[in-house]
Each structure stands twice: as structure tokens, then as C-alpha cells.
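Below is the structure I would like to discuss, written out as C-alpha cells.
In this text, all values refer to a predicted model and were calculated from it rather than measured experimentally. In this chain, residues are counted from 1 in sequence order.
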Amino acid sequence: MSEKSSAGFATGGTRTSRQRSPSSVKACRWRFTFYLCIFCYGIRFLWSSPWFWDTRQCWHSYPYQPLSNGLYYYYVMELAFYWSLMFSQFIDIKRKDFLLMFVHHLATIGLITFSYINNMVRVGTLVMCLHDASDFLLEAAKLANYAKYQRLCDTLFVIFGAVFVVTRLAIYPAWILNTTLFESWEMIGPYPSWWLFNGLLLVLQVLHIVWSYLIARIAFKAFIRGKVSKDDRSDVESSSEEEDVATCTKGPCGSSSSNGANCVNGHMGGSHWAEE
């Protein structure tokens, strides 16, 4: 469901002219707009939904639960967006986390599709909304980076990192995995699709841990050492060694920028650090 998203902000290394092209800025604006709108839509929709306040409601009367128009549109928009991220990954500049992001997009599309077919849409909306919470912050930081607003970019980056870690490493297992692993087992018992559904959710949790480590590593370099000479995650694989060493930045949102094709999202994504 996820992620969108999403493994590190491009903080250092040489950036090519292709990465800083107007098309990259437009793509970043589009992702920011989508993530912000879909997150606001999700919060508004879930605020009046009983399962947002009591996750046990996700399994009451399962699988005979009605599918409202609002829920249907929520699912269709999220699924269409992640399919677009999947295809665009093959035409964007290839990065070191290509395989990681590919697995993330597959898991996300698989979860959205599988939960819809099996009418697990209530818990599915919780997963999608939770992953969207940090994605728009990442895209906002990248836009500030493109505009060369260093201080704003650094601030947004710190907020993004904090929200990402809290939502993915604390709320996700305590809120989502708790209801899918334990509350569903207690209320409706295990069934064949239960194992696959939770398996995909656990794959996402592993990706959350990996990306949180990468975020913490880059933050450590930026704020403890005072500079980042190289972003281990987001360097362009085709860049020469000479180019990689040529440039270093002041902080997590240095003067150069990546195109953000692979975001932390989560949804990355979904998503890197400026990605789903």
C-alpha cells in the first residue's frame, strides 16, 4: 500500500543536467500535488469511518462489508498512481536502489489489488493513508531544493525524517500489523489469503527499516560531520568516479538535486531523499 515510497534525499554527489531538467521539476510538482491531495482526501474520508478509531471494525462482518463510492475512488486513485510509478521507474535515471524500489512498487500494487479483491479495503485505507503522511513532505523538500531555498529544504527534510520514522517504525506495526496479525486472527481466524496479505505487509515493514537506516545514516553525516560528500543511495550508477568525488553539499538539501524518480514510499513511493 504504500509508500509510497522511499529511501533517501539526494544530499550529495554530482547531479547531471538531465536530473535538473524542467521535466524533473514538473514531475516533482505532480507528485507533491498528488500526495498532498490524496492524503487530505484519505484523512477526510477516514475521519468519519468507524474503523479509523477502532481497528477491530475492519473485521466486523467480514467479508460482507459494503464498498462505498468514496472508498472505491480512494483505491482507484492510489492504484493508478503506483502503476505510473512502476512504469516511470524504467525510463528515469537508474539508481542504486532500483531493485529496492521495484520490490516496493510490486508489494504496494500487490497489496492494493489483493486487498480490494478480498474486500480488505477497510484496513487497506489505513495502510494507504499512513504511508501518504510523509510522502508529500519529501516532495516539498525536493521542490525547495530545486528552488535553492536551503533553510526551508533542511527544515522540511528534518520534519519528513521524523514523520517517516514515527509512522513507519512505530504507528505501522502498533496500529496496522497489530490488527492484521492479531485482531483479524482473533475475530475471523486464519484463512489462505491471510498469510499472503500479512506477508506483503511484513515485506513493507522490512523496507521501512532499511529506508529508516538510510535516512538516519544521511542525517548523521549531514548534522554530525557538517557535510555530506556522497549520497550512498542516490548516486547515478552511470556517473564516473571523478564526478562522484567532485561535489559535496552543505547539508541534507544541498544546492544540487536529484530528479526524485524513486521516492520513499512508499507509497515511497513512492519514494528517495531529494527518493518513494
* Is any side-chain heavy atom of Q150 closer than 4.5 Å to a side-chain heavy atom of N145? -> no
* To do: Please tell me if the side chains of S193 and M120 come closer than 4.5 Å, counting only heavy atoms from C-beta onward.
  => yes
* How many angstroms lie between CZ in F81 and CD1 in I112, if you round to the nearest 0.5 Å? -> 10.5 Å
* Asked: Under a 4.5 Å side-chain heavy-atom rule over Ile, Leu, Val, Met, Phe, Trp and Tyr, are I176 and W195 clustered together?
  -> yes
* Calculate, to the nearest 0.5 Å, the distance between atoms CZ and OG belonging to F39 and S134 respectively. => 9.0 Å
* To do: Would you check if the side chain of T113 reaches a backbone N or O of G110 as a donor-acceptor pair within less than 3.5 Å?
  => no
* To do: Quick one: do T180 and W194 satisfy side chain to side chain contact (heavy atoms under 4.5 Å, CB included)? Show the steps, please.
  => CA-CA 8 Å; T180 60; W194 182 94; 5.9 Å; no
* Structure fact -> Nearest heavy-atom contact between G42 and C129 is C-SG, 4.1 Å
* Asked: Is S68 reaching over with its side chain to a backbone N or O of L71, donor-acceptor style, under 3.5 angstrom?
  -> yes
* Measure the OG-NE2 distance between S84 and H105 for me, rounded to the nearest 0.5 Å. => 8.5 Å
* **I209 backbone acceptor or donor facing S212 side chain under 3.5 Å** => no
* Asked: Quick one: OH on Y172 to CG on L201, what's the gap to the nearest 0.5 Å?
  -> 4.0 Å
* Asked: Considering only heavy atoms from C-beta outward, does the side chain of L143 approach that of F32 to under 4.5 Å?
  -> yes
* To do: Check whether any side-chain heavy atom of W47 lies under 4.5 Å from a side-chain heavy atom of W53, and answer yes or no.
  => yes
* To the nearest 0.5 Å, how far apart are CZ in F114 and CG in L196? -> 4.5 Å
* Asked: Heavy-atom distance under 4.5 Å between the side chains of L126 and C58, does that happen here?
  -> yes
* To do: Looking only at non-hydrogen atoms, find the nearest pair between L85 and R31 and report the distance.
  => CD2-CD, 4.3 Å
* To do: Show the numbers, then the answer: is there a side chain to side chain donor-acceptor pair (under 3.5 Å) between T179 and W51?
  => CA-CA 11 Å; T179 190; W51 61 89; over 6 Å; no
* To do: Evaluate side chain to side chain contact (heavy atoms under 4.5 Å, CB included) for Y75 paired with M128, printing each intermediate quantity in order.
  => CA-CA 9 Å; Y75 255 72; M128 292 189 297; 3.5 Å; yes
* Return the minimal non-hydrogen interatomic distance between F45 and G70, and the atom names on each side. => CE1-C, 3.9 Å
* Decide yes or no on side chain to side chain contact (heavy atoms under 4.5 Å, CB included) for Y74 and I38, but give the supporting numbers first. => CA-CA 8 Å; Y74 193 10; I38 200 67; 3.8 Å; yes
* S184 versus W59, closest heavy-atom pair with distance -> CB-CE2, 3.5 Å
* To do: Verify the cluster assignment for F34 and F87: are they in a single hydrophobic cluster under the rule of side-chain heavy atoms below 4.5 Å apart?
  => yes
* **Heavy-atom pair of closest approach, residues L36 and F136** => N-CB, 3.7 Å
* To do: List the steps, then state whether side chain to side chain contact (heavy atoms under 4.5 Å, CB included) holds for V121 with N119.
  => CA-CA 5 Å; V121 290; N119 205 27; 3.8 Å; yes
* Asked: Are any of the side-chain heavy atoms of T167 and H208 separated by less than 4.5 Å?
  -> no
* Asked: Shortest non-hydrogen contact from V123 to F197?
  -> CG1-CZ, 3.7 Å
* Asked: Do the side chains of M187 and F182 join up, straight or via other hydrophobic residues, at under 4.5 Å, putting them in one cluster?
  -> yes
* Short side-chain to backbone donor-acceptor contact, E183 and N178, under 3.5 Å -> no
* Using a 4.5 Å cut-off on heavy atoms from C-beta on, say whether the side chain of P63 contacts that of N118. => no
* Asked: Do L79 and Y116 come within less than 4.5 Å of each other through their side chains, counting heavy atoms only?
  -> no
* From OH (Y213) to CD1 (I218), nearest 0.5 Å -> 10.5 Å
